[in-house]
Enquirer: 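I am attaching a structure below and will ask some questions about it afterwards.
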Amino acid sequence: AQSVSQHNHHVILSEAASLELGCNYSYGGTVNLFWYVQYPGQHLQLLLKYFSGDPLVKGIKGFEAEFIKSKFSFNLRKPSVQWSDTAEYFCAVAYRNTNAGKSTFGDGTTLTVKP
Amino acid sequence: NAGVTQTPKFQVLKTGQSMTLQCAQDMNHNSMYWYRQDPGMGLRLIYYSASEGTTDKGEVPNGYNVSRLNKREFSLRLESAAPSQTSVYFCASSSRWGGDGYTFGSGTRLTVV
């Protein structure tokens, strides 16, 4: 079965610290990769996506992620976090050979940024 | 604004009651999904619909049924609610192959007592 593993369940940082959230998926089919963000009390919003091409993708609010095919990884990074980045972050994988483009989600990482 | 609309936002049910969660999208997407979100468990797929007229089971379909009424609408029905179905339910839509990612609705917080 497809699976997505997020390495950290809860990360606490001070403002201006750098962020890296790990994400690994279970096997190496042709994939679409996503990071979603869920701010407190809100629904999930797409942060960034990888479909093909440059493995370093940039998203909204200064986030970026790097796809490393050999490691089945898609880690999320931000050089300097802000208090407003406090949220839950979900990595998701869609295998292109599956019907309907359905995604498998990781369990999520809660990021708390201290002001 | 274009997006995914879910109703209701909150619901409390008694064990054994039934209800239908409604979802509509105006993104002209082919695929629609129902997920449930539970603390520490991420999002788990209940049912999905690749296109109008088709539905398929996801990871946790037991206790649920769905209807893809037309391209825009995809409803989720709980026939006999159980406390284990207490959760936050999200509807989402995407293009046929999901390459652009999902657009999510705002969620339904369901409590079964």
Side-chain angles (χ1 to χ4, degrees), chain A residues 1-10 21 23 25-26 29-53 57 59-60 63 65 67 74 87-110, chain B residues 1 3-7 9-10 23 25 27 29-61 66 68 71 74 88-109:
Chain A
Q2 303 159 2
S3 66
V4 178
S5 176
Q6 293 185 234
H7 306 157
N8 311 97
H9 293 294
H10 195 178
L21 301 181
C23 173
Y25 57 97
S26 57
T30 304
V31 295
N32 298 339
L33 297 158
F34 310 93
W35 277 96
Y36 292 86
V37 60
Q38 185 177 31
Y39 298 104
Q42 297 188 25
H43 61 282
L44 280 79
Q45 305 169 46
L46 184 65
L47 197 56
L48 49 75
K49 62 187 178 186
Y50 171 80
F51 187 70
S52 64
V57 294
I60 60 172
F63 286 91
F67 170 49
F74 190 55
E88 192 160 15
Y89 293 81
F90 293 92
C91 181
V93 175
Y95 292 89
R96 294 190 208 166
N97 62 344
T98 62
N99 194 26
K102 58 188 174 77
S103 289
T104 300
F105 286 79
D107 290 344
T109 297
T110 301
Chain B
N1 292 335
V4 178
T5 303
Q6 279 183 246
T7 56
K9 294 189 182 302
F10 301 94
C23 177
Q25 54 95 4
M27 310 284 289
H29 283 158
N30 288 307
S31 299
M32 297 186 74
Y33 315 84
W34 277 104
Y35 284 85
R36 60 178 288 173
Q37 183 181 28
D38 301 290
M41 301 183 75
L43 280 79
R44 293 181 292 168
L45 182 64
I46 305 171
Y47 271 93
Y48 66 100
S49 171
S51 60
E52 184 179 351
T54 69
T55 60
D56 287 285
K57 295 178 180 179
E59 182 184 357
V60 288
V66 290
R68 183 75 182 266
K71 188 173 184 178
F74 188 40
V88 180
Y89 292 85
F90 286 102
C91 177
S93 69
S94 76
S95 60
R96 178 67 174 86
W97 297 110
D100 290 333
Y102 288 178
T103 300
F104 280 91
S106 57
T108 297
R109 185 171 295 275

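Every heavy atom of this structure was used, including side-chain atoms; hydrogens, water molecules and symmetry mates were not.
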Enquirer: So F105(A) and Y102(B), would you call those rings parallel, tilted or perpendicular, with 30° and 60° as cut-offs?
Expert: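 Aromatic pair F105(A)/Y102(B) classed tilted.
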
Enquirer: Please classify the contact between Q37(B) and chain A as side chain, backbone, both or neither, with a heavy-atom cut-off of under 4.5 Å.
Expert: side chain

Enquirer: Run through F34(A), Y89(A), Y36(A) and flag the one making a ring-ring contact (aromatic ring centres under 6.0 Å, His included) with F63(A).
Expert: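 So, applying the ring-ring contact (aromatic ring centres under 6.0 Å, His included) to F63(A) and each of F34(A), Y89(A), Y36(A), only Y89(A) qualifies.
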
Enquirer: Sort Q38(A) into side chain, backbone, both or neither according to what part of it lies under 4.5 angstrom from a heavy atom of chain B.
Expert: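 Interface part for Q38(A): side chain.
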
Enquirer: Could you tell me which portion of L45(B) (side chain, backbone, both or neither) has an atom closer than 4.5 angstrom to a non-hydrogen atom of chain A?
Expert: side chain

Enquirer: Classify the angle between the aromatic ring planes of F74(A) and F67(A) as parallel (below 30°), tilted (30 to 60°) or perpendicular (above 60°).
Expert: perpendicular

Enquirer: Go through the structure and list residues passing ring pair (Phe, Tyr, Trp, His ring centres under 6.0 Å) with F90(B), not counting sequence neighbours.
Expert: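 Ring pair (Phe, Tyr, Trp, His ring centres under 6.0 Å) list for F90(B), sorted by chain: empty.
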
